[in-house]
Protein chains: 2
Amino acid sequence: MNDKASIASLGTLSSTSRAVIRELLTSGPLPRATLARRLGLSPARLTKVTRPLLDSAVIYEDATAPNKTPGRPGTPLAVHAPRYAFAGFKITGDTLYGTRVDAEGRVQRAKSVSLESTDSSHVVDLIIDLVKELGEEQPLQAIGIGSAGTMRRYDDRVRRNQYLGWDDVPLAEILTAKTGLPTVISGDIRALTVGVQWSGPGQGHSDFAVVTIGVGIGLGMVIDDQVHAGTHGTAGMIGHTRVSEAGPLCELGHRGCASAYLNADSILAAISVPHGITDLDLDGACRLADRGDPVAQRVLSDAGRALGVLIAQVVNVLGLDTVILAGDGLVILEHLSQELNSALRDHLDPWGTVPHLETFHSDFDEWARGAAVLSCQWLLVDPPKLLAPSITHQQ
Amino acid sequence: MNDKASIASLGTLSSTSRAVIRELLTSGPLPRATLARRLGLSPARLTKVTRPLLDSAVIYEDATAPNKTPGRPGTPLAVHAPRYAFAGFKITGDTLYGTRVDAEGRVQRAKSVSLESTDSSHVVDLIIDLVKELGEEQPLQAIGIGSAGTMRRYDDRVRRNQYLGWDDVPLAEILTAKTGLPTVISGDIRALTVGVQWSGPGQGHSDFAVVTIGVGIGLGMVIDDQVHAGTHGTAGMIGHTRVSEAGPLCELGHRGCASAYLNADSILAAISVPHGITDLDLDGACRLADRGDPVAQRVLSDAGRALGVLIAQVVNVLGLDTVILAGDGLVILEHLSQELNSALRDHLDPWGTVPHLETFHSDFDEWARGAAVLSCQWLLVDPPKLLAPSITHQQ
DNA sequence: CCTTTTTATTGACATAGGAAATTATCTACG
DNA sequence: CGTAGATAATTTCCTATGTCAATAAAAAGG
């Protein structure tokens with residue numbers, strides 16, 4: 001009949017429609033019957049909910065997959081993911097990484113620019129330029145930003161960012177005013193975790209943790225399908241957990257804390273100082289260890305032990321069976337897996353279960369991608385009140 | 001008109017009605033307007049939802065509280081809590097503790113019996129007898145059971161209980177068959193945590209942890225208003241967290257683990273062995289420390305340090321601002337608060353916030369009370385499908 | 001007494017959802 | 001090849017849940 005225009009924003013759909021899309025995005029194409037069972041709806045309702053989504057080309061009927069069970073085969077529904085684009089940014093102390101992804105989290109474009117200053121108005125200008133550039137070919141649904149700090153899961157401002165020197169910058173309001181796009185802010189590790197959850201190795205897991213190593217140590221966690229940030233956004237601060245009473249000092253003067261063993265700078269200093277060398281990087285450290293250098297070997301095995309202890313503690317508290325390792329420091333992982341595993345087993349509670357460890361090799365763009373996926377999740381889970389519902393059901 | 005009979009089971013109410021009752025039970029009497037705002041409903045809906053609840057005397061209109069703001073004062077609604085009774089049990093290795101509580105978690109009766117054997121059929125018989133006795137004066141809404149083990153939040157069976165030697169006992173099914181009452185099983189620490197959450201010091205907090213010391217170390221956590229149990233019910237297993245690389249051995253042969261410092265038996269052995277005494281209890285240990293006994297003082301301060309490290313780790317992972325200390329080992333707390341606080345501050349992440357520590361003095365009945373509150377929460381949050389809805393709305 | 005302010009109720013109406021019957025489309029099997 | 005059995009999807013009809021706008025109610029302060 002009346003050919004409705006396509007849906008402007010996924011955030012204006014009804015909660016049931018959004019639940020359908022969420023399920024399709026996180027689980028892949030599914031027939032109506034399966035969807036109905038998963039969402040606890042009747043088949044009748046599902047037909048009624050999906051019809052307007054089909055009419056407006058938010059979703060489509062997938063080619064019928066071959067079927068070996070008796071009975072009429074279901075026609076899988078799938079989201080027209082490429083029709084919906086999201087912009088995601090990661091702000092580090094010196095660089096702004098930006099990506100455009102589709103609803104399934106596939107990166108369509110990526111671009112990074114150096115920060116000339118950490119002044120918030122400068123960074124805002126850079127973000128706006130990048131938003132315009134990324135949105136040239138296709139309108140954007142939302143903007144997601146990840147940076148260090150103590151933001152809540154879906155926050156509207158940057159809180160306590162030590163690298164940028166920002167405290168309480170209402171970035172979402174500013175960007176929404178200047179771009180007209182709904183914007184959400186989150187801690188970078190939380191954004192990465194959402195990327196892992198919806199379109200990474202966390203898919204299909206209701207509970208897991210992401211542990212990142214690199215400049216610092218990060219912990220993101222998904223509990224009951226939700227990213228957990230803590231009351232004040234301070235969850236996952238495990239970088240200064242004491243691993244040993246002896247051991248090296250971290251930059252805060254803690255002896256034997258995790259960052260003193262695991263931060264890239266700590267590892268490099270621990271190797272290069274005794275050897276009197278400079279210009280070492282993690283790859284170089286690994287090569288040294290491969291060649292039998294005792295200092296490098298010891299430093300890396302100590303790092304492995306520290307990581308094992310950390311993971312064990314997280315698993316003991318949360319009772320997880322999946323932990324995903326990520327971060328740019330991951331190159332050292334194969335040199336420390338032995339110590340890691342033995343420390344993990346040694347510190348796990350005997351009544352707990354040994355978690356499945358997965359590695360997720362990722363660069364900085366992956367953090368920006370996570371922020372984009374975060375904005376998509378935000379629209380589909382907890383959309384801001386902006387516009388009137390775009391489609392209604394008729395019986 | 002037709003004077004409907006009073007509601008048989010709270011579990012048969014609609015989800016909105018249950019949300020209203022939940023809010024009233026956890027926040028106390030509230031006027032309709034406030035209730036509507038908190039639950040995200042329109043005032044009109046609230047009037048319509050609460051009318052049948054008033055008609056059937058599930059709730060009542062409280063005496064109007066004095067009011068100083070302009071405008072018509074609201075009439076607070078309150079739950080007829082004493083009309084609804086729940087039975088809660090805690091099963092230890094040698095005793096069964098039973099309580100009957102009302103919907104607000106107030107204990108109406110309590111009784112405990114010793115187990116003659118840990119045989120499940122024997123324990124089942126004891127529970128059934130106690131259920132009958134507790135339900136004499138008033139019909140029971142549900143049964144809640146707490147025991148050690150790796151049960152999920154609202155489970156139907158006892159899994160891996162080391163003290164009873166049970167593994168996979170379908171206790172809920174058995175008890176429902178024999179008593180006709182909906183039954184829910186949970187880990188004892190989780191049951192205690194629910195008691196703390198709904199009618200204890202956790203009221204009003206969306207996120208907090210309960211740490212218990214006594215025979216063992218327990219950790220219960222509430223995240224986003226929900227008790228967290230982990231995928232396999234193994235969350236909160238922090239008893240064997242390594243606190244130090246030196247230190248005493250625990251019963252599993254871990255050197256310097258938390259139980260080696262904090263379990264009642266460990267503390268008592270550490271003091272009585274050097275002194276060559278027997279028959280020491282925790283009160284005695286405290287008296288020794290008060291009198292200046294260096295062994296007792298050292299053992300207790302070590303315990304305080306261990307507890308501080310444990311709490312810091314939990315807070316670092318979860319980002320909590322409230323931690324509640326409980327358990328029968330709490331008597332030693334004032335002797336170790338100094339070491340506890342310094343270890344806590346020393347091990348907390350500098351970007352985290354120092355949590356508010358509260359103590360909750362409780363006996364074993366409190367654990368049974370928690371199980372009863374758990375069954376109430378279960379009915380109101382996630383009721384089993386048993387009966388047809390008992391009241392309907394008419395426009 | 002009247003205005004302001006907030007709470008509570010009412011009735012008209014829209015939407016979300018389910019149950020049961022019906023139709024559609026596949027496999028298995030004689 | 002045709003039919004029985006199984007499962008998927010739709011249709012029809014009904015109910016439950018919710019909003020909106022208008023109105024009444026109950027206080028405080030002139």
Side-chain angles (χ1 to χ4, degrees), chain A residues 1 12-21 23-24 29-55 59-78 385 388-395, chain B residues 1 4 12-21 24 29-55 59-78 383 385 387-395:
Chain A
M1 305 293 157
T12 59
L13 296 171
S14 78
S15 72
T16 315
S17 303
R18 295 196 321 267
V20 166
I21 295 172
E23 190 59 42
L24 291 177
L30 294 174
R32 275 167 261 244
T34 312
L35 266 178
R37 280 190 294 267
R38 294 227 188 143
L39 301 177
L41 297 171
S42 64
R45 191 92 273 274
L46 219 108
T47 294
K48 288 177 212 166
V49 167
T50 51
R51 167 124 27 177
L53 294 177
L54 283 164
D55 286 347
I59 60 177
Y60 62 97
E61 293 193 332
D62 215 5
T64 305
N67 190 324
K68 26 190 100 165
T69 57
R72 170 177 172 176
T75 48
L77 301 175
K385 290 172 199 82
S390 49
I391 48 177
T392 52
H393 308 296
Q394 59 270 8
Q395 294 271 114
Chain B
M1 310 289 159
K4 299 244 181 173
T12 60
L13 296 170
S14 78
S15 73
T16 315
S17 302
R18 296 195 323 264
V20 167
I21 295 172
L24 291 177
L30 294 173
R32 275 168 261 245
T34 312
L35 222 34
R37 279 190 294 268
R38 293 226 190 146
L39 301 177
L41 297 172
S42 65
R45 192 89 277 270
L46 219 108
T47 293
K48 287 175 206 167
V49 166
T50 50
R51 166 132 33 218
L53 295 177
L54 283 165
D55 287 347
I59 61 177
Y60 62 97
E61 294 194 332
D62 214 5
T64 305
N67 189 323
K68 21 190 104 166
T69 58
R72 172 177 172 176
T75 49
L77 300 175
K385 289 171 202 86
L387 297 165
S390 50
I391 47 178
T392 52
H393 308 295
Q394 59 269 10
Q395 296 274 110

Rounded (10°) bend between the five-pair end axes of the helix from C:dC1-D:dG30 to C:dG30-D:dC1: 0°
Side-chain donor/acceptor contact of B:Arg72 with base of D:dA26 under 3.5 Å: no
Minimum-distance nucleotide (side-chain atoms of A:Pro73 versus C:dC26, D:dA9, C:dT10): C:dC26
Heavy-atom pair with the smallest gap, counting every atom of B:Ile59 and B:Leu54: O-CD2, 3.6 Å
Whole angstrom value for the distance that separates C1' of C:dT7 from CG of B:Asp62: 16 Å
Considering all heavy atoms, the nearest A:Ala78-A:Pro29 contact: CB-CG, 3.9 Å
Separation of atom CG in A:Leu35 from atom C1' in C:dG17, rounded to whole Å: 16 Å
Distance below 4.0 Å between B:Arg51 side-chain N/O and C:dT10 OP1 or OP2: yes
Matching residue for B:Arg38 among B:Leu35, B:Leu41, B:Thr34 - test: side-chain contact (heavy atoms from CB on, under 4.5 Å): B:Thr34
Closest to side chain of A:Pro31, choosing from D:dA9, D:dT19, C:dA16: D:dA9
B:Arg45, nearest nucleotide to its side chain (from C:dA8, C:dA19, D:dG18): D:dG18
Straight-line distance of B:Leu30 CG to B:Leu39 CG, nearest 0.5 Å: 9.0 Å
Minimum heavy-atom distance between B:Ser17 and B:Val49, given as atom pair plus value: OG-CG1, 3.8 Å
Atom-to-atom span, CG of A:Leu41 to C1' of D:dT17 - whole angstrom: 15 Å
Presence of A:Thr75 side-chain N/O under 4.0 Å of D:dA9 phosphate oxygens OP1/OP2: yes
Residue B:Lys48, side-chain atoms from C-beta onward, closest of C:dG18, D:dG18, D:dA21: D:dG18
Atom-pair distance (CG on A:Leu53; C1' on C:dA16), nearest Å: 14 Å
Euclidean distance, A:Glu23 CD relative to A:Ile21 CD1, rounded to 0.5 Å: 12.0 Å
B:Val20 versus B:Thr50, closest heavy-atom pair with distance: CG1-CG2, 4.4 Å
Selection from C:dT5, D:dA9, D:dT11 that lies nearest to any side-chain heavy atom of A:Arg32: D:dA9
Sugar-phosphate, base or nothing in reach of B:Ala33, heavy atoms under 4.0 Å: sugar-phosphate
Position toward the 5' end of DNA chain C (nearest nucleotide), A:Ser42 or B:Arg37: B:Arg37
d(CG, A:Leu46; C1', C:dG18) in whole Å: 13 Å
Any A:Thr16 side-chain nitrogen or oxygen under 4.0 Å from OP1 or OP2 of C:dG17: yes
